[in-house]
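Here the structure is a predicted model, which means the values were calculated and not measured.
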Amino acid sequence: MKCPYCGYNESKVGDSRPTEDGRMIKRRRECLSCGKRFTTFETVETMPLMVIKRDHSRQQFDRSKLTRAMTIACGKRPVSMEVIEKAVDEIEVSLRNRMSTEVLSTEIGEMAMEKLREIDEVAYVRFASVYRQFVDVDMFIAELKAMGGKE
């Protein structure tokens, strides 16, 4: 690892530990030339996950977009951010465990709706109304009936 102070290419690791969320390894290093200490973070390199949108364009998967959409659906509902983050984590892990680097946006939407249905039915209906582009009350009623006959 190159020293940020003097540019020397060799350092020794003094301490290694996982970050709080467990996604990275934090390493305290000391330059073997100038002796200054610095911290590095090591992460697993993953292949980018590309989302194929409805218009057939492609963009890189953005976990924050999914989190934001699910948070909006859960607005003013008794759902904690931890529950939302856990659901997003599960969706992302499921997507990355596939042996494909591309996924349809509709698949992500369906996965999000399924998680929201388990978490909070009102949040589920809110998300579904935007995702499925409900245009009138009849569409809401049809969705509620599909959930279990509630009107």
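Take Asn97 and apply the side chain to side chain contact (heavy atoms under 4.5 Å, CB included) test, not counting sequence neighbours, and it matches Val93. Contacts of Lys26 classified as salt bridge (Lys or Arg N to Asp or Glu O under 4.0 Å), with partners at least two apart in sequence or in another chain: none. With sequence neighbours excluded, no residue forms a side-chain hydrogen bond (donor to acceptor under 3.5 Å, both in side chains) with Tyr131. Glu90 pairs by the side-chain hydrogen bond (donor to acceptor under 3.5 Å, both in side chains) definition with Lys86, Lys115, not counting sequence neighbours. Taking the side chain to side chain contact (heavy atoms under 4.5 Å, CB included) definition, one finds that Gln60 meets it with Pro48, Met50, sequence neighbours left out. Taking Arg37 as the reference, nothing meets the side-chain hydrogen bond (donor to acceptor under 3.5 Å, both in side chains) condition, with sequence neighbours excluded. Listed by chain and number, the residues in a side-chain hydrogen bond (donor to acceptor under 3.5 Å, both in side chains) with Glu30 amount to none (sequence neighbours excluded). In this structure, the salt bridge (Lys or Arg N to Asp or Glu O under 4.0 Å) partners of Glu85, at least two apart in sequence or on a different chain, are Arg63. With sequence neighbours excluded, the residues that form a side chain to side chain contact (heavy atoms under 4.5 Å, CB included) with Ser33 are Cys6, Tyr8, Cys31. Residues that satisfy the side chain to side chain contact (heavy atoms under 4.5 Å, CB included) test with Arg29, not counting sequence neighbours, are Met1, Ser11, Val13, Arg27, Phe38, Thr40.
Nearest heavy atom pair, residue Ser64 against residue Asp62, reads OG-OD1, 2.5 Å. Shown here for Pro18 and Ile25, the closest heavy-atom pair between the two residues is CA-CD1, 4.1 Å. Contact detail for Ala87 and Ile119: the closest heavy-atom pair is CB-CD1, 3.9 Å. The minimum heavy-atom distance linking Arg23 with Asp89 is given by the pair NH2-OD1, 2.8 Å. Closest heavy-atom contact between Ser94 and Met111: OG-CE, 3.2 Å. The shortest non-hydrogen separation linking Arg126 to Cys74 is NH1-C, 3.9 Å.
Within a 6.0 Å radius of CE in Met81, other residues, nucleotides and ligands contribute more than 12 heavy atoms. Counted within 6.0 Å of CZ on Arg54, heavy atoms from surrounding residues, nucleotides or ligands total more than 12; the atom is thus considered enclosed.
Apart from Phe41 itself, the hydrophobic cluster it occupies contains Met24, where clustering links Ile, Leu, Val, Met, Phe, Trp and Tyr at side-chain heavy-atom distances under 4.5 Å.
Pairs engaging residues 65-74 under the side chain to side chain donor-acceptor pair (under 3.5 Å) rule: Gln59-Lys65 [sequence neighbours left out].
Under the 4.5 Å side-chain heavy-atom criterion for Ile, Leu, Val, Met, Phe, Trp and Tyr, Val83 and Met70 are members of the same hydrophobic cluster. The hydrophobic clustering, which links ILVMFWY residues whose side-chain heavy atoms are closer than 4.5 Å, places Val103 and Val88 together. There is a path of hydrophobic side-chain contacts, each under 4.5 Å, that joins Met139 to Phe127.
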Discussion item. Side chain to side chain contact (heavy atoms under 4.5 Å, CB included) for Leu32 and Lys12? Distances and angles first, verdict last.
Written reply: CA-CA 7 Å; Leu32 296 178; Lys12 69 178 181 180; 4.1 Å; yes

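Separation of atoms CZ (Arg98) and CG (Leu49) is listed at 8.5 Å; rounding is to 0.5 Å. Note that the CD atom of Glu102 and the CG atom of Leu104 stand 9.0 Å from one another [nearest 0.5 Å]. Distance CD1/Ile91 to CD/Glu107: 12.0 Å, rounded to 0.5 Å. The structure places CG of Asn9 at 6.0 Å from NZ of Lys2, a figure rounded to the nearest 0.5 Å. Residue Glu114 holds its CD atom at 8.0 Å from OH of Tyr124, rounded to the nearest 0.5 Å. Asp55 CG to Ser105 OG: the interatomic distance, rounded to the nearest 0.5 Å, is 8.5 Å.
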